[in-house]
Amino acid sequence: MKRFALAGNPNCGKTTLFNSLTGSTAHVGNWPGVTVDKKEGVYKKCAEPISIVDLPGIYSLSPYTPEEVISRNYILDEKPDCIINIIDATNLERNLYLTTQIMEIDVPMVIALNMMDAVEKIGDRIDAKKLEEKIGLPVVGISALKENGLDELMERAYEVSGSPRQGATVLAGTQLMHLVGDCRIALEGQKVENTLFHAIKLVELDEIEVAMHPESAKMVEEFKKTFEDDIFGSDFEALVADSRYKYISQNYSTVIEKSKAAEKSKMSRSDKADRVLTHKVWGIPIFLVILFAIFHLTFSENFLFIGGALPEDWVSLAGTAAEGLFGEGGINSPGVFLQSLLGLGTDSLTDAIRGAMERGAVADWATGFVCDGILGGLFAVLSFLPQILLLFLFFSILEDSGYMARVAFILDRIFRKFGLSGRAFMPMIMGFGCSIPAMINTRTLADQNERTATVRVIPFFSCGAKLPILTAIAGGILSIAKISNADVITYGMYVLGVVVAICAILLMRNTTMKGDVPPFIMELPAYHAPQFKNLMLHLWDKLKHFIKKAFTIILVSTILIWFFSHFSWSWSYLPDEEMNNSILANIGQLIQPLFTPLGFGSQLGKWGWVFAVAAITGLIAKENVIATFGTLAACAVAGFVADDALEGVDAIEALIGATGVGVPALIAFIAFNMLTIPCFAAVATAKAELPSKKSFRWTIAFWIATSYIVGTMIYLIGEWWWTVFIILAIWAAAITLIVLDKKGKIDVKGFFDKLKIKRKKA
Ligand code: GDP
Ligand code: MG
């Protein structure tokens, strides 16, 4: 099968084109560096099927970033049948810089002038024909997003893919061309392929090239001694880069006809927005407010805080099923409304099945198994799907509009001082979706210690699977504390995760994970209206993932939980009322004391073991925490509450109430689950992405320690406020030690080494 590779600058629309060509749903984001690894798909509309490879975005073919190395090696070693060089037409000259490098390689190539829709909208005009004549390569104007011009692009790519192409360079007239020629001859003698490309890289004294051809590199070094340019001295790399840019601006500026008025107004509008959104002082508060608005829309049962202003019975729905939909006391936010709507559906489905089974005289245990065990757990998790999707819709909007890239930019400015680059924040923000792609994305971080530290804190950015924990437990808190601001709690927990991540990373970067902060040059992507198609792709991806998990891991887990909670060690069946004597309860009671410092351990009543069990099942998949609560609550309701009719989230709240747990312990429980070892899949990814087994083991220890310490702190302070002084004192002491060690006043590591030696002697 023929292979075409997509190469271009970050954020020029490669992945959008890839998705349009292959029908895939790879992640498209309006910020640089989303695609870190190459992806493959198949295009079927040519005479034969063609494999399409999406390469990471790059600005040049120099080996400065992992992306550049991946893309360069792919083009040189795998020899695709054609390179489709995508150019963001709204940024023509800068994008052509990469083009002038790729065209030096002997590989068939076409240029896709992307975003032509945006160019037209601004009012500019680009003459593709003229560009084609000047550059000597086929040029096709397309819009990857609107799917315009794709057939023509692929046809032309298919045409040229049949015949070999000789590399060509725009450096032909420059002073260095002579040296390039000499290097070429030397390389040809060594039977090297792509001599033009390699010769130019040699002249630049490119690291990889020098290592490969040390003999020829010596020649360049010799030449250097006799060479002196007025501006660049003998820095050939800079000289080459400058020549490329000069050539581009001299030859291609005539291709584009700018609409002056539009240019100005657009620039100033986005500049104005940036002046506010990336403001030194207001940038972060604005972000926090936007984030809160999102949580309010998704989780609030007191929408717009007008609850108090409403008359007692503001709708005459009291007592009807619709009351739950629109709100009791306040108005439900769209998220809660959708959740209640789905809940109504799943509850009546459960009731219908239960009724049918009871009428059919099915054994009691079987009815319980199906309705409480399986459906109770599954529907408890499923009921949060609307809120998960809504939250992701909002996050996708922030991302696609270009705002999230600004957030990374704001944070970069601050955290650079503390040993962390804003580049690391992109994978972290991706962690709000799922830790797995986020951990993989850390490959773009050049400093290994920064990368390890980032992988460790990614799970603290609460992912979609943790959201049901937050929401359901927040529901428990509301019913105990008699308040109605679930959105404040979920928002607070998300922020807590971010704060812990930042503290942890500061701690690591100043102790065990020291390292330089590599320079981070981020280009802020253009603001644009979020694309409906992208948003729907994101949501569809999330939905698919969720459904797949629901009918595999979560289903199996609920069955096992039901089973072990309804059998005793002697394998006799236990009815719902006796669940407290089941195998599961015994195991839960056994590990329960571990959680005593966090408030949800031995101090709880009869049903307290549920928390311990949920925390453990959550290690497989985070949805399991609530699936466990759902299954056990559905079964247990008859065991301790009079109202047998409670279902779904209401039953969970009743179960939580019956354990006698307090509010601080519930918050500690959320924090523990949020910060502890993530799901199996994320752990496996971390293992693959971390540099060594040792660092992986430390990572697991780090997760356990962080969740335990933060959980304990929350519980202690929440329960006995004055413990805050003790905790602050301990932290102050620890930080003083670190600072003193850093200044060289004391030597902590040396102290521990001495201890070790002493122990060995003894
Ligand atoms: P990549 O980094 O090169 O893979 O770029 P993406 O495919 O992730 O796209 C970056 C951004 O450009 C996204 O916000 C896309 O919606 C947007 N985009 C991509 N192609 C087009 C296009 O043809 N027209 C417009 N207006 N926007 C596009
Ligand atoms: Mg991409």
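Both counts, for ligands and for their atoms, begin at 1 and track the order of listing. One-based numbering along the sequence shown.
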(request) Return the option from L6, T15, T90, N114 holding the heavy atom at the smallest distance from atom 20 (N) of ligand 1. (result)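 Checking each option, the heavy atom nearest atom 20 (N) of ligand 1 is found in N114.
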(request) Check each heavy atom of L17 against ligand 1 and say whether those closer than 4.0 Å belong to the side chain, the backbone, both or neither. (result)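 Neither; nothing of L17 gets under 4.0 Å from ligand 1.
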Pull out every atom of ligand 1 sitting under 4.0 Å from any heavy atom of [X], numbered as shown with elements.
| X | result |
| --- | --- |
| N534 | 15 (C), 16 (O) |
| D117 | 22 (C), 23 (O), 24 (N), 25 (C), 26 (N) |
| Q531 | 16 (O) |
| D400 | 13 (C), 14 (O), 16 (O) |

Any N/O of [X] closer than 3.5 Å to an N/O of ligand 1?
| X | value |
| --- | --- |
| K146 | no |
| I142 | no |
| P10 | no |
| L145 | yes |

(request) Taking N114 for its side chain and C12 for its backbone only, find out whether a donor-acceptor pair lies under 3.5 Å. (result)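 Checked: pair present.
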(message) Check whether E623 reaches the backbone of A465 with its side chain - one donor and one acceptor, N or O, closer than 3.5 Å.
(response)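 Checking the backbone N and O of A465 against the side chain of E623, no donor-acceptor pair under 3.5 Å is found.
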(message) Does Q101 form a side-chain contact (heavy atoms from CB on, under 4.5 Å) with R244? I'd like the steps, not just the answer.
(response) CA-CA 9 Å; Q101 296 185 48; R244 289 186 200 280; 3.5 Å; yes
(request) Run the contact test for H528 against ligand 1 with a 4.0 Å cut-off on heavy atoms, strictly below, and give the result. (result)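 Yes, H528 has heavy atoms under 4.0 Å from ligand 1.
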(request) Using non-hydrogen atoms of the residue, decide whether C12 is closer than 4.0 angstrom to ligand 1. (result)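 Per 4.0 Å heavy-atom rule, C12 contacts ligand 1.
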(request) Find out whether the Lys NZ or Arg CZ of R406 is both under 6.0 angstrom from the six-membered ring centre of Y527 and within 45° of the ring's axis. (result)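 Because its charged atom sits under 6.0 Å from the ring centre and within 45° of the axis, R406 does stack over Y527.
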(request) Kindly say whether the aromatic ring centers of Y494 and F432 come within a distance under 6.0 Å. (result)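 Close enough - the centres of the two rings lie under 6.0 Å apart.
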(message) Can you confirm if the aromatic rings of Y59 and Y97 lie within a centre distance of less than 6.0 Å?
(response)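 When the ring centroids of Y97 and Y59 are compared, they turn out to be at least 6.0 Å apart.
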(message) Using every non-hydrogen atom in the two residues, find where E689 and M439 come nearest and quote the distance to one decimal.
(response)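 Result for this residue pair: CG-O, 4.0 Å.
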(request) Over 60° means perpendicular and under 30° means parallel, so classify the ring planes of F4 and Y158, tilted if in between. (result)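 Rings of Y158 and F4: tilted, 30 to 60°.
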